[in-house]
Amino acid sequence: MSAEISIQDSISAAIIEILQGAKGELNCDLPEAITLDRPKNRDHGDYATGIALALSKPSGKPPREIAELIKAGLANRLEITKVDIAGPGFINITLAKASQGGVIAKILSDGKKFGHGKVLDGKSINLEFISANPTGPLHLGHTRWAAVGDALGRVLSAAGAKVTREFYINDRGVQMDLFGASLRTSAQGEPRPEDGYHGAYIDDLSKEIVAAHPEILKLAEPELTHAFRDYGYQLQLDQQQSVLNAFGTKFDVWFSEKSLYEGNFFAHCQEVLKAKGHVFDLDGATWLRTTDFGDDKDRVMVKSDGSLAYFASDSAYYISKRERGFDICIYMLGADHHGYVGRLKALAACNGDDPEYNIDVMIGQMVKIMEGGEEVKLSKRAGTIITLEELVEKVGVDAARYTLIRYPVETPMVMDVDILRSRTNENPVYYVQYAHARICGVLRNAAELGIKYGSDQIHPELLVHERERELIGQLGEFPRVVAGAAELREPHRVARYVEELAGVYHRFYADCRVLPLGDETPSELHAARATLCSVTAQVISNGLELLGVSAPEKM
RNA sequence: GCGCCUGUAGCUCAGUCGGAUAGAGCAACCGCCUUCUAAGCGGUAGGCCGCAGGUUCGAUUCCUGCCAGGCGCGCCA
């Protein structure tokens with residue numbers, strides 16, 4: 001991160017200063033920062049703001065009068081050519097040509113770090129996602145989080161946060177026991193338990209276990225089922241880990257639920273919550289009074305028969321996260337778990353935390369998959385599932401990741417396998433990757449022609465074409481997009497930005513010849529445009545990197 | 001019944017603190033390769049932003065009520 005501030009920031013600061021100078025006159029609260037939008041209509045300049053309209057009401061002054069005040073204050077700034085007041089009081093700012101060169105210089109000096117910022121500097125974030133049971137393959141719902149969670153982790157890190165990516169393994173409890181029983185019955189040719197696991201992968205796993213450990217069948221119950229459970233667990237976890245690795249999703253911590261009950265950690269957690277005064281006993285069970293903080297009902301931690309309710313692990317796990325020093329705990333959950341939001345927030349409050357700050361629960365809507373014009377129903381137990389692995393086989397890692405990331409998680413999405421498999425430009429990932437490959441081709445040719453490009457070849461005063469202006473402006477937006485994506489936890493913004501940037505580049509390319517034609521002599525304009533190409537490639541590549549999608553040099 | 005999410009072009013979907021003429025891709029139609037990657041570019045057509053109120057200078061955006069779809073509401077995990 002370079003120490004320089006962007007041009008938007010410096011103009012924003014200048015406007016704030018002007019307004020503060022007139023505070024007596026305005027007599028109202030002023031915002032901390034001014035948002036400068038890039039107007040769609042180019043007649044509206046390079047940046048526009050509706051701040052005068054927004055301040056009109058609280059100050060009791062006509063918006064145009066406030067706009068005039070700002071215009072006068074900005075008049076002498078070197079980087080600004082023109083300030084117009086339009087319509088009811090919009091302020092349109094046109095930048096000096098040379099000032100746009102700053103963006104190019106900054107991309108060149110920051111390189112791979114361009115776009116990184118510090119809006120989340122100093123925050124320690126625990127990012128938990130996927131957290132599938134180790135009782136089967138990862139399916140489509142997990143795959144959405146595998147892509148989005150990983151991208152969010154990259155975006156948060158780029159915004160300056162210290163991020164720990166964590167996968168919570170439900171390695172104890174009823175589901176694990178059912179898994180063991182399913183494997184054992186499969187190996188012994190018995191009917192599966194009613195509510196057990198029925199997928200064909202169970203037969204494969206049990207065969208693999210028996211082949212590797214033939215002596216297992218000599219065990220008596222309950223050791224027999226436990227042995228199947230434990231061997232099956234290890235194989236399934238290995239499988240999940242290798243699939244995620246191939247998908248480009250990495251975790252810092254694989255957190256075992258079982259470990260919460262090692263030593264006296266769980267007892268410690270209960271003591272902690274008890275000390276805060278929200279634990280009570282009723283009907284022989286131990287409860288947490290989450291209704292103190294807006295939950296629908298109180299939650300059982302230890303059941304009356306002494307066994308542990310699921311919420312016991314939830315609460316101990318949260319306390320573990322906080323005691324390990326994380327300020328913000330992000331949970332990425334499926335829509336079928338949205339009922340958890342209330343109890344998790346209440347749990348944080350019971351622990352004396354701020355539920356609006358220390359906990360951030362993201363709810364991802366369902367992913368449907370269409371094939372041959374029909375919806376493929378997902379049912380893990382029945383075994384008719386599309387797994388992460390199968391999806392990648394069909395469409396490839398880049399297309400799968402990109403498609404899953406480019407929609408906000410609260411949007412229920414439909415993936416059409418036939419379209420994704422067709423490898424046409426119906427998939428925007430190709431559009432973006434193609435722009436990158438196209439630039440790399442141009443730069444290879446530039447090198448052959450001996451055209452130099454780089455920090456001493458910016459020549460901003462020559463880049464006066466409308467397409468060049470658009471491209472430079474779009475490049476300058478990247479840091480703000482990354483910061484916004486991080487603060488709002490919306491990595492899809494990076495994908496949308498990169499698509500737009502690719503479009504702006506393609507239009508530039510169509511209208512502005514980069515390299516000399518025929519025997520034309522290479523000029524400074526050729527060098528300046530080649531430099532602009534190289535920084536565009538850098539930004540596309542940086543954007544795709546945040547999504548975990550490759551930026552090919554040739555296609 | 002209560003709660004959360006969704007409803008925007010034929011299809012899949014964007015739309016930031018409420019802003020200027022509501023956008024993209026695909027599909028349809030018409031153009032553009034004698035030199036940098038046509039996986040591209042330009043153009044045409046396509047809209048009751050689910051419906052009805054409210055707040056305001058201004059609402060796709062905020063509030064209320066309805067309609068439709070999805071998902072939840074256990075001492076299950």
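Lettering of chains follows the sequences in order, A, B, ..., and the numbering in each one begins at 1.
- Residues A/E470 and A/R467 are paired through a salt bridge, judged by an N-O separation under 4.0 Å between the basic side chain and the carboxylate.
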With sugar-phosphate taken as primed atoms, P, OP1 and OP2 and all else as base, the protein-contact string of nucleotides 69-77 of chain B at under 4.0 Å (heavy atoms; B, S, -) is --BSSSBSB
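- Between A/R438 and B/rC36 there is no side-chain polar atom (N or O) within less than 4.0 angstrom of OP1 or OP2.
- Within the structure, the side chain to side chain donor-acceptor pair (under 3.5 Å) test picks out the following pairs touching residues 298-309 of chain A (sequence neighbours left out): A/T291-A/D298, A/D295-A/R299, A/D305-A/S307.
- Taking a 4.0 Å limit (strictly below) on heavy-atom distances, residues 479-502 of chain A reaches RNA chain B at A/H492, A/R493, A/R496.
- A/F266 meets the ring pair (Phe, Tyr, Trp, His ring centres under 6.0 Å) test with A/Y261; sequence neighbours excluded.
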Give RNA chain B the dot-bracket treatment, 5' to 3': Watson-Crick (N1-N3 with N6-O4 or O6-N4) or G-U (N1-O2, O6-N3) under 3.5 Å, [ ] crossing, | other strand.
(((((((..((((.....[...)))).(((((.......))))).....(((((..]....))))))))))))....
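- With A/Y197 as the aromatic partner, A/R192 does not meet the cation-pi criteria of under 6.0 angstrom to the ring centre and within 45 degrees of the ring axis.
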Detail all sub-3.5 Å separations between protein N/O atoms and N/O atoms belonging to nucleotides 28-32 of chain B.
none

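- Taking a centre distance below 5.5 Å and an interplanar angle below 30 degrees as the stacking criterion, A/F90 stacks against the six-membered base ring of B/rA20.
- Sorted by first and then second residue, the salt bridge (charged side-chain N to carboxylate O under 4.0 Å, His left out) pairs involving residues 519-529 of chain A (not counting sequence neighbours) are A/E468-A/R529.
- Taking syn as a glycosidic angle within 90° of 0, B/rC33 qualifies as syn.
- Between A/Y431 and the phosphate of B/rC41, there is a side-chain N or O to OP1/OP2 separation shorter than 4.0 Å.
- Side-chain contact of A/E166 with A/Y317: a donor-acceptor pair under 3.5 Å is present, judged by distance alone.
- Residue pairs that meet the salt bridge (charged side-chain N to carboxylate O under 4.0 Å, His left out) test with at least one member in residues 475-491 of chain A, sequence neighbours left out, are A/D360-A/R489, A/E477-A/R480, A/E490-A/R493.
- Contacts classified as salt bridge (charged side-chain N to carboxylate O under 4.0 Å, His left out) and involving residues 399-409 of chain A (residues at least two apart or in different chains) are given here: A/D150-A/R401, A/R406-A/E499.
- Here A/Y509 lies parallel enough and close enough to stack on the base of B/rC36, with planes under 30° and ring centres under 5.5 Å apart.
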Show me the side-chain donor-acceptor pairs of residues 331-348 of chain A shorter than 3.5 Å, one per line, residues at least two apart or across chains.
| unit_1 | atom_1 | unit_2 | atom_2 | d |
| --- | --- | --- | --- | --- |
| A/H338 | ND1 | A/A335 | O | 2.8 |
| A/K345 | NZ | A/P355 | O | 3.2 |

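- For A/F129 and A/F167, the ring centers sit 6.0 Å or farther from each other.
- Contacts between residues 46-55 of chain A and RNA chain B, defined by a heavy-atom separation under 4.0 Å, are made by A/A48, A/L53, A/A54.
- Not a single ring pair (Phe, Tyr, Trp, His ring centres under 6.0 Å) links A/Y407 to another residue, sequence neighbours left out.
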